[in-house]
There are 2 protein chains.
Amino acid sequence: MTINDVARTAGVSRQTVSRALNDKGEIDGSTKQRVLDAARELGYRPSRFARGLVRQDTTTIGLVIPDLLNPFFTEVAAGALEAARARGWHVIVYDTADSIDEERGTLEVIVSQVDAVVGYFSLDEAELDRHLSGIPAVLIGREHRTPRFSSIRVEGATGVREAVDHLASQGHLRIGMLDHASRAGQSVRRKWFTDAMNAHGLNADAVGNAVQSVDGGAAALHELLAEHPDLTAVFTFNDIIAIGALKAARWLGRAVPDDLAVIGFDGLQLGAVVHPALTSVALDTRRVGALAIEQAGRLLAGETQLPDEELQVNAVLLVRESA
Amino acid sequence: MTINDVARTAGVSRQTVSRALNDKGEIDGSTKQRVLDAARELGYRPSRFARGLVRQDTTTIGLVIPDLLNPFFTEVAAGALEAARARGWHVIVYDTADSIDEERGTLEVIVSQVDAVVGYFSLDEAELDRHLSGIPAVLIGREHRTPRFSSIRVEGATGVREAVDHLASQGHLRIGMLDHASRAGQSVRRKWFTDAMNAHGLNADAVGNAVQSVDGGAAALHELLAEHPDLTAVFTFNDIIAIGALKAARWLGRAVPDDLAVIGFDGLQLGAVVHPALTSVALDTRRVGALAIEQAGRLLAGETQLPDEELQVNAVLLVRESA
DNA sequence: TTGAAAGCGCTACCAT
DNA sequence: ATGGTAGCGCTTTCAA
């Protein structure tokens, strides 16, 4: 079923069919109608490949995220989808299931299907570069060297400082943290925390390590409080872990925020749903996704990139109930 | 930058380049290496359009969902992505933002970009059919007539019956419902509820209507209890609304489940995070997504479709804490 | 207003 | 092992 079949049925040349289908002028009204009828009757649909080949205008972005079920990535994805739709671009979503092998597999297949790649990657830059063989990429929350790449940076030092200020102003002196250490070692968020604590002359030595899940956060709080029973507040790597901490606190009979104040990171909508509602160092997650798309567009067009300040998303303290 | 440039640079014909790039045999090792080097040097990437045109093998599915931020749809999407990945297919995700106009726009653009469409639609079938001009589609949670379409059905009568049984066995006699009425009128879930109540000889007249959001659920419970203060249990259209009800109950000083039992529908993972953990008539959401992809594949291949029973996902009662 | 011809970038098939 | 030729389905000149 090609354009030629339509042409034959309508008794015209295929160029005329093309004109009718693409709403070009230069065609007689009745001819056009006849062509359109024939096309409908035959159930004809233009091939996207043939069309893409000749009109170089469809843009498709690959969005790579580690886990779509994690609301943080979902929010970022939603922002990206919206920004892409505004430009008439298409987004193919790849979920790497938090696995580095799946990530390799994804990259393998992605290069032949999209014009640019955006998202969260675990591979080191050399391997990324190799797999991506020439496609522009926007790394979120991670620096880059490769000129063809770009980064969306998350600036949380100020927000975390606000969080610690907030706790300190309420008289908290013993504040712990639930970090999420990766292969790369301590997180940047932990560094922000340490700096903020030091600025208050406080010790930042009560730090536990949590698996990235609600249960992981709960388990980690158990351990941390066993070791440091005197803690009156905890800051966590992110909201998921914080929600686990909320659970554990309830289990331990520690009322939040009175017996234990909890502050998360990310500012997920989910945090408003739990009880007590989660106080968090909030990121504009949708903006992260939107920025990534915007920047991918610039890389693609070879335009001047956004200045560093604009490629940065700042986190700010969002006070709800848990602290 | 085409295959010809690479051929010229490597001093071979473009067919040889193609062989090298596609790992075909019939090529000398050193020649292959030379070609590969040239390609890398030039930063050459094959055009997906040209390739798709000649090898008719890449399959792309369009996944249409009303709101990616709604965890229900996210879970379905995750199931769909996983099933698609297993087949080597690509999924373009479209978020229609719960708007019928966006849905129209999406369909407009989708037909020229994907091989089949899967998801949740609000348009009536005639208009759907018109927009989709020939592409196969799998409608989730909704019946179809068009032969080119297919449906994934959600069977909840049994699960809802279990829910009501569960409540009745605990002595609940006054059970209300928070429905989510759409333009089409009362929901099927309400019918299931009514039938289950009647089977117990109970009245199903305490039914409120909730907007599809946490706050909507909270507001609806307020109203419902104001009108029917004697209710000791509520069943809700879905988990999102149930979580709102949980919030409202806390606000009203009604302990859950002792003063008010709450049962939702969907069985979202989110329900395990809130407190008390939500009892729900649970759907295997990932399976819904996976089935939709599977069925799309069959429509595409012209294979025999799955029998009706297999195109159906059954909901079962998942008892947690709220009832 | 219509049609013929060229060509988008690639792979498959048949020579050599 | 390599190259020539044809053709995938479409749009875009250019002529008529």
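Atom set for the values below is all heavy atoms of this structure, side chains included, hydrogens, waters and symmetry mates excluded. This structure is a prediction, so every number in the text was calculated from the model and none was measured. We name chains A, B, ... by the order of the sequence lines, and we start the count at 1 in each one.
- Phosphate contact (OP1/OP2 of D:dA1, side-chain N/O of B:Thr31, threshold under 4.0 Å): absent.
- The CG atom of B:Asp23 sits 13 Å away from the P atom of C:dA12 (whole-angstrom rounding).
- A:Asp95 has no carboxylate O lying under 4.0 Å from a charged side-chain N of B:Arg85, or vice versa, which leaves the two without a salt bridge.
- For B:Glu127 and B:Arg104, the salt-bridge test passes: some basic side-chain N is under 4.0 Å from an acidic carboxylate O.
- Using a distance-only test at 3.5 Å, with no hydrogens or angles considered, no donor-acceptor pair links the side chain of B:Thr96 to the main chain of B:Ser99.
- For the 3.5 Å distance criterion, the side chains of B:Arg48 and A:Gln113 fail to qualify, holding no donor opposite an acceptor.
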Throw together a table of side-chain donor-acceptor distances under 3.5 angstrom for residues 283-290 of chain B, partners on residues two or more places apart or in other chains.
| from | atom 1 | to | atom 2 | distance (Å) |
| --- | --- | --- | --- | --- |
| B:Asp284 | OD1 | B:Arg287 | N | 3.3 |
| B:Thr285 | OG1 | B:Glu75 | OE1 | 2.7 |
| B:Arg286 | NH2 | B:Glu82 | OE1 | 2.5 |

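- Between the side chains of A:Gln295 and A:Ser150, a donor-acceptor pair is found at a separation under 3.5 Å.
- Within the structure, a side-chain polar atom (N or O) of A:Lys24 is placed less than 4.0 Å from OP1 or OP2 of D:dT12.
- A salt bridge is defined here as a Lys NZ or Arg NE, NH1 or NH2 lying under 4.0 Å from an Asp or Glu carboxylate O, and A:Arg34 with A:Asp37 fails to meet this definition.
- Rounded to 10°, the angle separating the first-five-pair axis and the last-five-pair axis of the helix from C:dT1-D:dA16 to C:dT16-D:dA1 equals 40°.
- When side chains are defined from C-beta on, A:Leu300 counts as touching A:Thr59, because their heavy atoms get closer than 4.5 Å.
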Filtered N/O pairs between nucleotides 7-10 of chain D and protein, under 3.5 Å:
| from | atom 1 | to | atom 2 | distance (Å) |
| --- | --- | --- | --- | --- |
| D:dC10 | OP1 | A:Tyr44 | OH | 2.5 |
| D:dC10 | OP1 | A:Ser47 | N | 3.0 |
| D:dC10 | OP2 | A:Ile3 | N | 2.4 |
| D:dC10 | OP2 | A:Tyr44 | OH | 3.4 |
| D:dC10 | N4 | A:Arg14 | NE | 3.4 |
| D:dC10 | N4 | A:Arg14 | NH2 | 2.9 |

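- Separation of atoms OG1 (A:Thr16) and CD1 (A:Ile3) is listed at 9.5 Å; rounding is to 0.5 Å.
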Which atom pairs link the protein and nucleotides 14-16 of chain D when you take only N or O atoms and keep those under 3.5 Å?
none

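- Applying the ring pair (Phe, Tyr, Trp, His ring centres under 6.0 Å) test to every pair with at least one member in residues 58-96 of chain A, sequence neighbours left out, gives these pairs: A:Phe73-A:Tyr120, A:His90-B:Tyr94, A:Tyr94-B:His90.
- Between the side chain of A:Gln15 and the base of C:dA4, a donor-acceptor pair under 3.5 Å is found.
- When the P atom of D:dA1 is taken as reference, atom CZ of B:Arg34 falls 15 Å away, rounded to whole Å.
- Listed by chain and number, the residues in a side chain to side chain contact (heavy atoms under 4.5 Å, CB included) with A:Asp129 are A:Thr146, A:Arg148, A:Phe149 (sequence neighbours excluded).
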